[in-house]
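Working notes, beginning with the structure itself.
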Amino acid sequence: MPAPIPADELRAAVGPVLPWLAGEAEQPPRSVLGAAVKTTARWLAQQVPGRSVELRVPPHVAVQCVPGPRHTRGTPPNVVETDPATWLRLATGELTWRDAVAAGRVSASGNRADLSPHLPLAPLRGR
């Protein structure tokens, strides 16, 4: 099991992408964007442990989270998939779950695939 991600490490990973998310800078290098996506997704999985929902943010990360029935083979019954910018906007509170789903920016299938109770990520609220 990986070491827990401290809140300050989470904020440090997200900080460099904030100007891009706000439309004030060019997209950061893939390594910087990937670090922000991976760290936020893994932080969520650490805070809401479980294996009933798979969060996918291609091409950077896929994590399992949310307590409930465990899936072991094939496609999980509860899948959330989105792009890196949308995920980071959800994680930081710049976009609500409801708005992202309504706009088709998040694909959420399954009865446990609503991550809204866990977003934005607590250390990133009210930056």
Side-chain angles (χ1 to χ4, degrees):
M1 181 174 226
I5 300 166
D8 58 338
E9 186 178 320
L10 173 68
R11 287 188 288 270
V14 172
V17 302
L18 294 176
W20 171 63
L21 293 174
E24 300 165 355
E26 296 292 316
Q27 182 171 323
R30 180 181 167 100
S31 62
V32 172
L33 181 58
V37 170
K38 289 174 189 171
T39 304
T40 51
R42 290 176 180 157
W43 198 89
L44 174 69
Q46 159 187 302
Q47 299 302 308
V48 190
R51 297 189 141 214
S52 69
V53 176
E54 186 165 289
L55 168 64
R56 299 173 181 169
V57 187
H60 300 289
V61 73
V63 297
Q64 292 184 346
C65 55
V66 182
R70 179 181 172 175
H71 113 93
T72 56
R73 297 181 70 150
T75 301
N78 300 285
V79 176
V80 173
E81 188 166 336
T82 190
D83 63 275
T86 300
W87 167 246
L88 291 169
R89 287 185 176 106
L90 288 166
T92 60
E94 291 185 24
L95 179 63
T96 67
W97 178 261
R98 189 162 94 189
D99 289 348
V101 171
R105 296 171 68 183
V106 169
S107 168
S109 62
N111 62 354
R112 294 180 179 270
D114 180 357
L115 297 180
S116 62
H118 314 293
L119 297 169
L121 302 180
L124 302 179
R125 288 185 186 132
R127 292 169 280 95

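- Note that the CZ atom of R51 and the CD atom of Q64 stand 5.0 Å from one another [nearest 0.5 Å].
- Using a 4.5 Å heavy-atom cutoff, the side chains of V106 and V80 are in contact.
- Side chain of R42 to main chain of V63: no donor-acceptor pair is present (N/O by atom type, distance under 3.5 Å, no hydrogens or angles).
- Sorted by first then second residue, the side chain to side chain donor-acceptor pair (under 3.5 Å) pairs that include residues 107-119, not counting sequence neighbours, are W97-D114, D114-S116.
- Taken from CG in L10 to CG in L124, the straight-line distance is 4.5 Å, to the nearest 0.5 Å.
- Rounding to the nearest 0.5 Å places NE2 of H60 at 9.5 Å from CG of D83.
- The shortest side-chain heavy-atom distance between V48 and P67 falls under the 4.5 Å cut-off.
- With a 4.5 Å cut-off on side-chain heavy atoms, L121 and Q47 do not count as touching.
- Taken to the nearest 0.5 Å, the CH2 atom of W20 stands 5.0 Å off from the CG atom of L33.
- For the pair T92 and L18, the minimum side-chain heavy-atom distance is below 4.5 Å.
- With hydrogens and angles ignored, the 3.5 Å screen pairs a side-chain donor or acceptor of T40 with a backbone N or O of V37.
- Between L55 and W87, the closest side-chain pair of non-hydrogen atoms falls below 4.5 Å.
- The CG atom of L90 lies 8.5 Å from the CG atom of L115; values are rounded to the nearest 0.5 Å.
- P120 approaches A91 most closely through the heavy-atom pair CB-O, 3.3 Å.
- The CD atom of E81 sits 11.5 Å away from atom OG1 of T86, with the distance rounded to the nearest 0.5 Å.
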